[in-house]
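Input: a single structure, listed below in C-alpha cells.
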Amino acid sequence: MTTNSVVSSQPRHIAIVMDGNGRWAQQRHRPRTFGHRAGVKAVRAAVEFCRRRGIEALTLFAFSSENWQRPQIEVSALMDLFLRALEREVDDLHKNGVRLQFVGALQAFPETLRQRMQAATSRTAANTSLTVSVAVNYGGRWDIAQATQAIVLAAMRGEIQAESITPETLAPYLCLSDLPAPDLFIRTGGERRISNFLLWQLAYCELYFIDTLWPDVDAACLDGALQDFAQRERRYGKTSAQVARAS
Ligand code: FPP
C-alpha cells in the first residue's frame with residue numbers, strides 16, 4: 001500500500017461504512033432485512049458512480065467481525081442476501097470491467113458462500129476499471145493481528161529478522177495491500193466513528209460523515225463527498241507551506 005505525498009483533487013480509493021439500513025426500514029415500518037435489500041441497490045449505484053468517475057478502488061464494509069452478535073434471523077438474511085447479490089450482480093460487474101474481491105476472515109462463512117466469493121474473485125481478477133473490495137467478517141484489529149501472525153511465521157522461517165520489522169515491512173501482510181491506501185472514508189447514517197474498519201489503512205485518510213441513511217445514498221451524495229474531498233489539504237505531517245511548494 002502506498003501513501004500519496006501529492007495533493008490530489010480526486011480520491012483514488014474510497015472506503016465506505018454503509019450504515020443506516022435498519023433505521024431506513026424501521027422508518028417504513030418494515031423489518032430490518034428490507035433495509036439491507038434496499039442497501040444492495042445503493043451498493044450498485046455507488047459502484048457505478050465510482051466506475052464512471054474513474055475512481056480506482058471502492059471498499060465496502062458489508063459485515064463486521066461484531067455483526068455475528070445480531071439476531072440470528074438478521075445474520076441469516078444477510079448471508080442469503082450476499083449469496084443472491086453475488087449470483088445476480090457478477091455478470092454485470094464483469095462486463096463492466098470491475099474486479100471484485102473479499103477481505104476478512106472468510107473461513108467463518110458457509111461453504112456455498114465461500115465458493116461463490118472465490119468464483120467471483122477468480123472470474124473478475126484480470127479486470128481493471130475499478131476494484132471493489134467487500135469487507136466481510138472483517139475487523140481492523142483482526143487485520144492487524146492476522147498480519148502480525150503472518151510476519152511472525154515468516155520470522156520463524158528465517159525469512160525476515162524480527163529486529164527489521166517496520167510499518168513498511170508489515171504493510172504487505174495487511175488486507176488491501178495491493179491497492180493505494182484509502183484516501184476518502186465515508187460513513188453514512190449519522191454516527192461519527194470508524195467502528196474497527198480499516199484501522200491501519202485509514203491512517204492518513206480524509207474522513208467524511210453524512211446523516212443520510214445508506215439506502216438513500218445516491219450519486220448526488222457521493223458527489224458531495226468528492227467535492228468536500230477536493231477542498232481538503234493533505235499534509236501528511238508536513239506544513240501547509242511545504243505542501244504548497246511541492247504541488
Ligand atoms: C449497516 O446498517 C449495514 C450492514 C451491517 C450491512 C450492510 C449490507 C448491505 C448494504 C447489503 C449488501 C452489501 C453487499 C456488498 C452486497 P445497520 O443495519 O447497522 O443500520 P442501523 O444502524 O440503522 O441499524
Side-chain angles (χ1 to χ4, degrees), residues 14-51 55 57-94 96 98-106 108-110 112-114 116-121 124 130-140 142 175-176 185-198 209-218 221-222:
I14 302 179
I16 307 184
V17 173
M18 310 176 286
D19 202 8
N21 293 347
R23 279 166 285 159
W24 186 90
Q26 276 158 3
Q27 284 172 2
R28 288 158 180 79
H29 308 289
R30 302 294 298 269
R32 295 174 56 82
T33 49
F34 181 70
H36 295 314
R37 282 204 299 277
V40 177
K41 287 190 193 147
V43 167
R44 207 177 291 138
V47 169
E48 195 46 27
F49 175 89
C50 289
R51 206 174 62 78
I55 307 289
L58 171 67
T59 298
L60 301 168
F61 205 4
F63 194 84
S64 75
S65 314
E66 292 75 30
N67 284 153
W68 296 108
Q69 297 167 46
R70 292 193 172 199
Q72 182 54 39
I73 191 164
E74 184 171 343
V75 172
S76 305
L78 275 168
M79 295 299 138
D80 195 49
L81 195 65
F82 294 149
L83 196 63
R84 282 187 293 122
L86 267 174
E87 275 169 11
R88 240 192 353 253
E89 308 292 337
V90 171
D91 281 348
D92 270 359
L93 291 170
H94 187 46
N96 290 330
V98 174
R99 174 163 82 105
L100 190 60
Q101 62 176 9
F102 298 85
V103 293
L106 306 184
F109 290 106
T112 18
L113 185 52
R114 275 203 332 254
R116 208 60 61 83
M117 291 192 280
Q118 183 50 53
T121 302
T124 61
L130 167 71
T131 297
V132 175
S133 307
V134 183
V136 279
N137 196 22
Y138 177 88
W142 164 84
C175 292
L176 308 181
F185 165 95
I186 301 173
R187 181 174 186 144
T188 66
E191 311 287 357
R192 269 84 175 140
R193 346 177 235 276
I194 292 174
S195 295
N196 199 20
F197 198 22
L198 305 158
F209 298 97
I210 44 171
D211 292 338
T212 313
L213 303 177
W214 176 250
D216 288 329
V217 168
D218 56 11
C221 291
L222 297 173

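Any value given below was found using the heavy atoms of this structure, including those in side chains, with hydrogens, waters and symmetry copies removed. Counting convention: from 1, in listed order, for ligands and their atoms alike.
Between the side chain of Arg23 and the main chain of Leu213, no donor-acceptor pair closer than 3.5 Å is present. When atom types are taken as modelled, the side chain of Thr188 and the backbone of Met18 share no donor-acceptor pair closer than 3.5 angstrom.
Remark: ligand 1 atoms within the under-4.0 Å shell around heavy atoms of Phe82 are 12 (C), 13 (C). Residue contact check: Val40 has heavy atoms under 4.0 Å from atoms 11 (C), 12 (C) of ligand 1.
The closest heavy-atom contact to atom 15 (C) of ligand 1, among the options Val47, Leu100, Val134, comes from Val134. Selection from Gln26, Arg37, Arg70 by nearest heavy atom to atom 18 (O) of ligand 1 gives Arg70. The closest non-hydrogen atom to atom 8 (C) of ligand 1, taken over Ala85, Ser64, Ala62, comes from Ala62.
By the 4.0 Å N-to-carboxylate-O rule, Arg192 lies close enough to Asp211 to be salt-bridged with it.
Looking at atom 4 (C) of ligand 1, its nearest protein heavy atom turns out to be His36 CE1, 3.9 Å. When only non-hydrogen protein atoms are considered, atom 22 (O) of ligand 1 lies nearest to Asp19 OD1, 2.8 Å.
Sequence neighbours left out, the pairs with a member in residues 32-42 that pass salt bridge (charged side-chain N to carboxylate O under 4.0 Å, His left out) are Arg32-Glu74.
Note: an N/O pair closer than 3.5 Å links Gly22 and ligand 1 by distance alone.
At a heavy-atom cutoff of 4.0 Å, ligand 1 is contacted by the side chain of Asn67 but not by its backbone. Neither the backbone nor the side chain of Trp24 comes within contact range of ligand 1; no heavy atom lies under 4.0 Å. At a heavy-atom cutoff of 4.0 Å, ligand 1 is contacted by no atom of Glu191, backbone or side chain.
In this view, Glu48 and Arg51, Arg52 satisfy the side-chain hydrogen bond (donor to acceptor under 3.5 Å, both in side chains) rule, not counting sequence neighbours.
Residues Trp68 and Tyr138 place their aromatic rings such that the two centres sit no closer than 6.0 Å.
Not a single heavy atom of Gly189 sits less than 4.0 Å from an atom of ligand 1.
In this pair, Phe63 and Phe82 present their aromatic rings perpendicular. The plane angle is above 60°, beyond the 30 to 60° band.
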